[in-house]
Amino acid sequence: MKKKLLAFLIIVAISNLNYAQDWVLNNIDPNTGEEPYEIDSGDIDGDGDIDIVMATYDSTAPFIKCYLNDGSGNFPIEIIVSTTMENVDGLILADVNEDGAFDIIATASTQSKLVYYLSATSMDASYMYTETIIDGAIAGPGQVVSGDINNDGHVDLVVAAYDNNRTQWYSGDGSGNFVAQPDVENTILNGPYYVDIADFDADGDLDVLVGYYNDGAIEIYYNQYDGSDPDPATTVSWIKDTQTVDSGANLILAIAFADVNNDGTMDVVKLDYSSGDVEWFNKVKNGTSTANTISDASIIDHPGAMLITDIDEDGLNDFILTDFGAADNAIIWFKGAANASPSTTAQLIIENNYQMQDITAADFDGDSDIDIAIVGNSSDTVDWIDNRLNVLSITNTELTTLSIYPNPASDVLRIEGYNLASINVAVYDAIGKSIIKQTLTNGETLDVSELATGIYTIKINNEVTSKFIKE
């Protein structure tokens with residue numbers, strides 16, 4: 001297309017803006033089917049904007065549906081992905097065949113299935129998804145997560161199998177083929193159901209966090225991959241942290257790796273539906289685990305889902321929490337702090353009685369801030385919540401006019417027009433993950449050559465925000 005051949009300027013007006021927060025609820029699907037339970041977001045059709053997938057926890061009339069975004073927060077195309085996957089308790093998006101379109105991966109807890117559905121570029125409402133079984137005999141699968149376990153550049157999967165007390169992983173080859181590998185863990189504790197994945201010990205490979213539904217415990221398993229052999233079956237092994245993260249939870253409903261206190265290192269987070277306790281743990285590898293309360297039953301008595309992301313654009317992770325009970329009927333957030341726990345004061349996002357069991361966040365309307373999407377378990381709806389940042393005043397003229405070019409960019413971005421010796425630049429991907437953080441001196445360019453093709457957000461001195469396309 002012609003516009004991809006043109007380099008043009010993004011002129012950014014005066015910076016250092018003061019903001020007020022506002023939220024607007026937008027319905028995507030008023031009738032999902034019974035008990036919408038899982039939701040995720042990503043670029044399903046490869047067009048550069050963020051789409052949504054949803055699954056119900058139902059056995060009589062089950063649904064997996066996806067909703068394609070037009071780039072402005074409208075979702076005009078709804079596609080039924082499956083009507084045969086029952087009691088879906090794991091649902092994610094990942095590009096398993098590396099064609100630029102995020103594919104749909106799901107578990108059916110009562111059908112002992114782990115499957116995927118290939119998406120495609122240029123999809124419309126007539127697109128027909130086909131189910132591909134990865135494992136048709138996995139006993140009681142719960143959550144599924146994706147990541148590159150063996151550092152070969154391809155998507156791998158980790159799944160908790162509740163019925164036979166195993167946490168399993170599958171190596172992918174980038175063409176949609178998966179091979180079951182030796183378990184992350186098996187029969188150590190009773191009822192693994194929740195998993196997350198991240199490089200917790202910062203050694204260059206991905207570790208696994210497991211939450212046990214029956215035993216109420218949380219454990220970390222460290223990836224011992226040494227990178228010396230491309231065969232994951234012989235080179236990936238796992239060692240459990242010598243100290244349990246937490247034990248004795250009443251009913252775990254969510255766990256996560258995340259930097260909750262914004263100190264640059266990973267923490268562990270737990271949501272206990274029964275007690276109402278939502279805690280983050282400052283965990284030392286093979287050492288102490290210190291619990292810190294974020295929320296308790298006095299705030300939300302039966303929390304349903306949590307998310308850690310920067311929703312107020314101050315460069316710090318905030319904490320979002322939803323209600324899954326019948327009493328509090330809210331979605332709230334706690335402002336993040338540097339090198340400290342989040343604020344103890346909850347701020348309201350939306351008040352409703354939807355009983356939101358799952359949540360995802362991304363920039364759905366292309367305005368450079370992070371929005372939220374939810375499933376309403378009792379309302380049978382999918383909705384997205386527009387995060388609106390309203391400019392109140394302008395106080396700084398040192399960044400009066402910026403030129404950020406070329407756009408699209410292939411190798412470098414040039415940033416000109418600021419009256420400072422240096423600027424701090426941060427680049428975020430479409431789901432708000434920090435990709436680049438760098439200080440540039442006046443006249444220095446930003447190297448973007450290693451970024452994947454797509455749309456990115458750039459922030460300068462945490463004040464000016466814009467977007468650019470990497471081609």
Side-chain angles (χ1 to χ4, degrees), residues 19-42 44 49-57 63 65-79 91 93 254 271 278 295 299-313 318-335 345-392 430-432:
Y19 295 108
Q21 199 87 39
D22 194 13
W23 306 91
V24 177
L25 185 70
N26 304 273
N27 181 248
I28 297 173
D29 187 351
N31 186 16
T32 59
E34 288 295 318
E35 284 200 77
Y37 201 68
E38 299 288 337
I39 191 171
D40 199 11
S41 56
I44 293 175
D49 51 50
I50 304 301
D51 311 301
I52 291 173
V53 62
M54 176 279 313
T56 62
Y57 194 84
F63 283 104
K65 298 180 183 179
C66 71
Y67 311 90
L68 302 185
N69 193 344
D70 67 0
S72 299
N74 304 304
F75 296 82
I77 297 177
E78 174 185 308
I79 302 174
L91 181 73
L93 290 169
L271 183 154
V278 180
S295 179
I299 299 173
I300 291 181
D301 65 345
H302 290 307
M306 62 187 185
L307 195 65
I308 300 92
T309 188
D310 180 10
I311 62 171
D312 59 356
E313 296 194 308
D318 308 302
F319 194 93
I320 306 169
L321 187 64
T322 74
D323 173 60
F324 192 37
D328 299 298
N329 303 326
I331 176 171
I332 59 178
W333 71 286
F334 301 84
K335 183 175 176 58
T345 302
Q347 301 182 52
L348 180 67
I349 295 177
I350 290 293
E351 182 76 51
N352 59 39
N353 59 356
Y354 291 178
Q355 296 180 356
M356 295 158 281
Q357 199 283 326
D358 202 11
I359 183 174
T360 185
D363 181 10
F364 295 117
D365 54 358
D367 65 353
S368 301
D369 54 35
I370 299 299
D371 308 303
I372 298 167
I374 53 174
V375 282
N377 189 261
S378 61
S379 59
D380 295 339
T381 60
V382 173
D383 301 274
W384 76 277
I385 306 170
D386 186 4
N387 179 0
R388 296 187 175 181
L389 297 175
N390 301 311
V391 178
L392 297 180
I431 62 172

Open item on the list: Asp301: which residues meet the salt bridge (charged side-chain N to carboxylate O under 4.0 Å, His left out) condition with it, sequence neighbours left out?
Closed with: none

Open item on the list: Taking salt bridge (charged side-chain N to carboxylate O under 4.0 Å, His left out) as the definition, give me every residue that meets it alongside Glu34, ordered by chain and number, with sequence neighbours left out.
Closed with: none

Evaluate the side-chain proximity of [Y] to [X]: yes if any heavy-atom separation is below 4.5 Å, no if none is.
X: Ile39; Y: Ile52; answer: yes
X: Leu91; Y: Val53; answer: yes
X: Tyr354; Y: Thr322; answer: no

Could you grab the distance from atom [atom1] of [X] to atom [atom2] of [Y], nearest 0.5 Å is fine?
X: Leu307; Y: Asp358; atom1: CG; atom2: CG; result: 9.0 Å
X: Ile359; Y: Ile320; atom1: CD1; atom2: CD1; result: 5.0 Å
X: Lys65; Y: Glu78; atom1: NZ; atom2: CD; result: 4.0 Å
X: Asp310; Y: Ile308; atom1: CG; atom2: CD1; result: 12.5 Å
X: Trp333; Y: Asn387; atom1: CH2; atom2: CG; result: 8.5 Å
X: Cys66; Y: Met54; atom1: SG; atom2: CE; result: 10.0 Å

Kindly say whether [Y] contributes a backbone atom to a donor-acceptor pair with the side chain of [X] at under 3.5 angstrom?
X: Asn69; Y: Ile50; result: yes
X: Asp371; Y: Phe364; result: yes
X: Trp23; Y: Asp386; result: no
X: Glu35; Y: Asn377; result: no
X: Asp70; Y: Ser72; result: yes
X: Thr381; Y: Pro30; result: no
X: Thr360; Y: Ala373; result: no

TODO: Give a yes-or-no answer on whether the side chains of Asp383 and Asn27 include a donor-acceptor pair shorter than 3.5 Å.
DONE: yes

Open item on the list: Looking only at the side chains, is there a donor atom on one of Asp29 and Tyr67 sitting less than 3.5 Å from an acceptor on the other?
Closed with: yes

Open item on the list: Test side chain to side chain contact (heavy atoms under 4.5 Å, CB included) on Ile311 and Asp369; report intermediate values, then the result.
Closed with: CA-CA 7 Å; Ile311 62 171; Asp369 54 35; over 6 Å; no

Task: Partner set under ring pair (Phe, Tyr, Trp, His ring centres under 6.0 Å) for Phe324, not counting sequence neighbours - done: Tyr273

Task: Aromatic contact, Tyr37 with Tyr57 (centres under 6.0 Å) - done: yes

Task: side chain to side chain contact (heavy atoms under 4.5 Å, CB included) evaluation trace for Ile385 with Val24 - done: CA-CA 5 Å; Ile385 306 170; Val24 177; over 6 Å; no

Task: Over all atoms of both residues, closest heavy-atom pair of Ile44 and Asp51 - done: N-OD2, 2.8 Å

